[in-house]
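Below is one structure, written out as structure tokens, with a few remarks after it.
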Amino acid sequence: MNNTQTLDILGNEPLVLGHQTRSEITEMVARPLDTFPNKKWFIAFLVAISILAMGLSCIGWTFYNGIGVWGNNNPVGWGFDIVNFVFWIGIGHAGTLISAILYLFRQKWRCSINRAAEAMTIFAVMCAGLFPLIHLGRPWLAFWLFPLPNQMDLWVNFRSPLLWDVFAVSTYATVSLLFWYMGLIPDLATLRDRTKNKFKKTIYAILSLGWRGSMRQWNHYETAYMIFAGLGTPLVLSVHTIVSFDFATSVIPGWHATIFPPYFVAGAIFGGFAMVLLLMVLTRQFFNLQGLITMAHFDAMNKVILVTSLIIGYAYTTEFFTAWYSGNTFEFYAFWNRATGPYAWSYWIMVSCNVLAPQLLWFKKFRKSIPVMFGVSIAVTIGMWFERFVIIVTSLSRDFLPSSWGMYIPTQYDVGILLGSFGLFFTLYLLFVRVLPVISISEIKGIMKHSAPVGEKDDV
Amino acid sequence: MFKKILSKIPFLQKKKTYKGLACQFGEPTHLLESVKDLKELGLSNIEVYTPYPVHGLEKVLDLPRSQVPWISLIAGLIGFVVAVAMQWWMSAVSYKINVGGKPLFSGPAFVPIMFEVTVLFAALATFVGLWVFCGLPKFASPFENDERALRSTNDEFTLYVCTSDPQFDESKIRNVLSSKKCFNIRYLGEEGE
């Protein structure tokens, strides 16, 4: 790739490397959709779908036998299922942060990664939504979660944070999907006008709703995009806030804390950015998109990971301090038990992955090194999964009375379903990169050099 | 007032096909200059098709601010009222359940769902409203028979002046365009109801 980078007037690195024309950008993004997938893709897809099949068989076994096949017990009624739910919903938050919050902050570097990140959000929310449903025990009655009229004349309990979750997650899934689809419309129109294949053309034409890109349309489109970003920003913060309410509104030591909402939101963005980074590194390598996803993008993403790592490191410390300072025996024991009790190994995995590993990113050299950032992101993904494990399992296994303590040991079905959710996620992502443009073609064209008329403001 | 609002919604207007003079541009700067000059001829029915939003054009074309935010606001408010009414009626009227001695209408506990339903309604309405204002879905277009015009979603910019414009004067328009860096000046579409 072209390595002669020139800095712009503010000393920023260019976001699109090389001197491509607009049609070359279209080709670069759209060509992989026309070619037959290569061997690497097939191997990755086979691996992902096999893991998914394994997870589905574990879910099938669960449905057949009931959730007794899991490690959940009394007192630990929430095990891997809720750990995985919080983990996946958190992963999704980075996508909305990139598409909505960074849009409001006019961060142009989001343009190369927002499409893939939003797709990741939708897939992560799908993985997340799976877990509460299979945890119901009778998943065929899942519609009882919604306030639907029924012959018992009963309604749902609106005072329960678990019901708030139902509304928050379903709203989040809907809004993310609409936002993503809206962003896809101009690109689908580009694909429609580009393809020679009649069948593809019909599909793209229907999906693009007949978009032509007239300035009148763009005028409404940009306003609506702004509104969506404005709605998505408080929405994403509310979703993980409400997820944290599932814990914070209870009386269990280690859960009953006002720090939970900001702590959970920061953790969600932290874990999600690590996942976006993993996906972007792989996508860039597979599709040779080095000119569009540059080191400047990775540098910016690594900075977000570093900052959110510091926030959650601070939250871990504050939790410990407050537990000690409160003078509440049970509260302090909950934290002492986390660091020194039977699950201390998971606590220290969490601390080393989430607080220590990202410290490497203070150095510019490491922020721009693919192996280092890849390693750190994997560490963060593991660490963030263990954070939810620590919060849920250590608190439930030892609450107030020692007589009601109990250990939690996951079974192979728990592990199988966790792996299966990764299989589902990667299967969906691999299908996505084959059928839809991974980079927003129209937005990239808007931030290229000479994209704005001379003398006009150059907005994202 | 109501009729005026309705008349602004393209979806409800009579479907007409238009004929117009079109040309292609390679660079946004040339496009912007040409639109400025055409505007000076008094033309009002100019449309520009671009692969990405070109900022500055909306001012030159005198495009009004989009009315989509009003749709979002109204739908959001409706969502809020629906959420309040739903939670009040279900919890405090239809089936009263005492949960932990809390009031039947537990204001603070009902806030999260009020917020979520507000956002959901606003987002759905913004989405639908956008396509109504854009006049979509609309599949038939004279662009489909013109290889060049199809490039306006790829790398070129298409300028289009409708023949139904009261100030339409082919020779004057061609005169303006001939001094600009545009190419492929031709008629697009057919006239008819």
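In what follows, chains carry the letters A, B, and so on, assigned in the order in which the sequence lines appear, proteins first and then strands, with residues in each chain numbered from 1. These numbers come from the heavy atoms of this one structure, side chains and all, not from hydrogens, waters or symmetry mates.
For A/W211 and A/Y221, the gap between ring centers is short of 6.0 Å. The distance between the ring centers of A/F143 and A/F146 does not fall below 6.0 angstrom. Centroid-to-centroid, the aromatic rings of A/H240 and A/F264 come within less than 6.0 Å. Between B/H30 and B/F157, the ring center distance fails the sub-6.0 Å criterion.
Side-chain contact annotation: A/S176 with A/E118, donor-acceptor N/O pair under 3.5 Å absent. Between the side chains of B/Y49 and B/T153, not a single donor N or O lies within less than 3.5 Å of an accepting N or O. Side-chain contact of A/S99 with A/N114: a donor-acceptor pair under 3.5 Å is absent, judged by distance alone.
Looking at A/N157, only its side chain comes within 4.5 Å of chain B, counting heavy atoms on both sides. Proximity to chain B is limited to the side chain of A/I185, based on heavy atoms less than 4.5 angstrom apart. With a threshold of 4.5 angstrom between heavy atoms, B/L124 approaches chain A through its backbone and through its side chain. Of the two parts of B/E147, only the side chain, counted from C-beta on, holds a non-hydrogen atom closer than 4.5 Å to a non-hydrogen atom of chain A. When heavy atoms are compared at a cutoff of 4.5 Å, B/L61 approaches chain A solely by way of its side chain, counted from C-beta outward. No part of B/L159 comes within reach of chain A, as not one of its non-hydrogen atoms sits under 4.5 angstrom from that chain. Heavy atoms of A/I227 lying under 4.5 Å from chain B belong exclusively to its side chain. In this structure, chain B has heavy atoms under 4.5 Å from both the backbone and the side chain of A/S23. At a 4.5 Å heavy-atom cutoff, the contact between B/F115 and chain A is made by side-chain atoms alone. Contacts of A/T174 with chain B are made by side-chain atoms alone, with heavy-atom separations under 4.5 Å and no backbone atom involved. Heavy atoms of B/W88 lying under 4.5 Å from chain A are absent altogether. The contact between A/F228 and chain B is made entirely by side chain atoms (from C-beta outward), counting heavy-atom distances below 4.5 Å. With a threshold of 4.5 angstrom between heavy atoms, A/P234 approaches chain B through its backbone and through its side chain. Using a 4.5 Å cut-off between heavy atoms, A/P186 does not touch chain B at all. Heavy atoms of A/I242 lying under 4.5 Å from chain B belong exclusively to its side chain. Interface remark: B/P64 contributes backbone atoms only to the contact with chain A (heavy atom separation under 4.5 Å).
The residues A/R110 and A/E443 are annotated as salt-bridged, a charged nitrogen and a carboxylate oxygen being separated by less than 4.0 angstrom.
The aromatic rings of A/F245 and A/W164 stand perpendicular to each other, their planes meeting at an angle above 60°, with 30° marking the opposite boundary.
With chain A as the partner, the residue from B/P112, B/P51, B/S72 showing the most heavy-atom pairs under 4.5 Å is B/P112. Top candidate by heavy-atom pairs under 4.5 Å with chain B, chosen from A/R216, A/M182, A/E24, is A/R216. Ranking A/I25, A/I441, A/I206, A/V166 against chain B, the residue ahead of the rest is A/I206, based on heavy-atom pairs under 4.5 Å. Chain A forms the most heavy-atom pairs under 4.5 Å with one residue out of B/I97, B/V48, B/L31, B/V68, and that residue is B/V48. Note: B/M86 leads B/E33, B/M86, B/R151 in heavy-atom pairs under 4.5 Å with chain A. Between chain B and the residues A/T241, A/V239, A/D153, A/I444, the most heavy-atom pairs under 4.5 angstrom are made by A/D153.
Within 6.0 Å of CZ in A/F199 there are 12 or fewer heavy atoms belonging to other residues, nucleotides or ligands. No more than 12 heavy atoms of other residues, nucleotides or ligands lie within 6.0 Å of CZ in B/F80, so this atom counts as exposed by the packing criterion.
The main-chain N or O of B/S91 is never found under 3.5 Å from a side-chain atom of B/S94 such that the two would form a donor-acceptor pair.
Applying the side chain to side chain donor-acceptor pair (under 3.5 Å) test to residues at least two apart or on different chains, the pairs with a partner in residues 97-111 of chain B are A/R159-B/S106.
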